[in-house]
Novice: 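I have a structure I would like to understand better, so I am pasting it below and will then ask my questions one at a time.
For ligands, and for the atoms within them, numbers begin at 1 and follow the listed sequence.
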Amino acid sequence: MQFPVLALPLLAALASAIPNPSGAQVTPAPLAAKRDLTHVTVTIVNKMPQSLSTSVASNGGDATLVSGGGSGVMAAKATATIVAPQNWNGNVAFGLANYSSMQVPSLIEPGLTQVSGEWMFDIDVSYVNGFTVPITCTCNSGNTFLSGCNKDLWALATCDQDGETKIAAAGACQNPTNEASGSATSASPFFAPCAGKAYTFPNDNDANSEGKCDTGSATCCVGTAADGC
Ligand SMILES: *[C@@H]1O[C@H](CO)[C@@H](O)[C@H](O)[C@H]1NC(C)=O
């Protein structure tokens, strides 16, 4: 089985869910409450006042989306839905539609992966490649925070520190602490305000949501707190 990039925290969470062999009472890990899901549903809401470019990609040879694949444009205030089957892992990329290219975009990374015979939903927001727009994902059950950050990083810092590169044609800030950069343990200055919420470097695992949304239905809000996210 080919593990997605985020397999290591998933295995760590799995280890913590293994029953205590002594039979002593242990507090169940969040993973123990996961459901045996057949599909997951991700609703995307564009709360920004601008149109978004979107693009859905699958990791490797997994199953295809039930619906909602491909590339497109979401108008301001528009809503879109993705339904993904078992064994699907991938991402949805977002950028402002007024830019001519999509590079190092903000991502959501949903997946439905089999763990110890049960199908577990995971979704994260990743700025590990770069940042275009803010995204926050919550579980529809209880409106629980899962992953992401509703801060407009463009308003908080300039994208030119510690190897950060602004890509003008894409309206993007390229993250220097990406997968190719090795084992960073902290975010670069532009990305730091979202560290531990969205992935801002590959091991930024406080941004992980595995096992926290066992209903398999989440909503991802694109925009800032002021936009309503
Ligand atoms: C795209 O729209 C944003 C938000 O209105 C604006 O800040 C930016 O300058 C625009 N970029 C281009 C290339 O038109």
Novice: Which side-chain N or O atoms in residues 222-229 pair as donor and acceptor under 3.5 Å with protein atoms at least two apart or in another chain?
Specialist:
{"from": "Thr224", "atom 1": "OG1", "to": "Ala226", "atom 2": "N", "distance (Å)": "3.3"}
{"from": "Thr224", "atom 1": "OG1", "to": "Asp227", "atom 2": "N", "distance (Å)": "3.1"}
{"from": "Thr224", "atom 1": "OG1", "to": "Asp227", "atom 2": "OD2", "distance (Å)": "3.2"}
{"from": "Asp227", "atom 1": "OD2", "to": "Thr224", "atom 2": "N", "distance (Å)": "3.0"}

Novice: Non-hydrogen atoms closer than 4.0 Å to ligand 1: which protein residues do they belong to? List them by chain and number, please.
Specialist: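 For ligand 1, the contacting residues are Gln50, Leu96, Asn98, Tyr99.
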
Novice: Quick one: which of Asp206, Thr177, Val128, Val125 gives a side chain to side chain contact (heavy atoms under 4.5 Å, CB included) with Tyr199?
Specialist: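 One option only clears the test, and that one is Val128.
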
Novice: Run the side chain to side chain donor-acceptor pair (under 3.5 Å) check on Thr215 and Asn140 step by step: do they pass?
Specialist: CA-CA 8 Å; Thr215 55; Asn140 291 359; over 6 Å; no

Novice: Cut-off 3.5 Å, no hydrogens considered: what does the side-chain donor-acceptor table look like for residues 180-187, sequence neighbours left out?
Specialist:
{"from": "Ser181", "atom 1": "OG", "to": "Asn178", "atom 2": "N", "distance (Å)": "3.3"}
{"from": "Ser181", "atom 1": "OG", "to": "Asn178", "atom 2": "O", "distance (Å)": "2.8"}

Novice: Determine, stepwise, if the pair Ser106 / Thr132 fulfils side chain to side chain donor-acceptor pair (under 3.5 Å).
Specialist: CA-CA 5 Å; Ser106 299; Thr132 48; 3.3 Å; yes

Novice: Applying disulfide (SG to SG under 2.5 Å) as the test, list every pair that has at least one member in residues 163-210; sequence neighbours left out.
Specialist: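 Listed once each, the pairs are Cys149-Cys194, Cys159-Cys173.
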
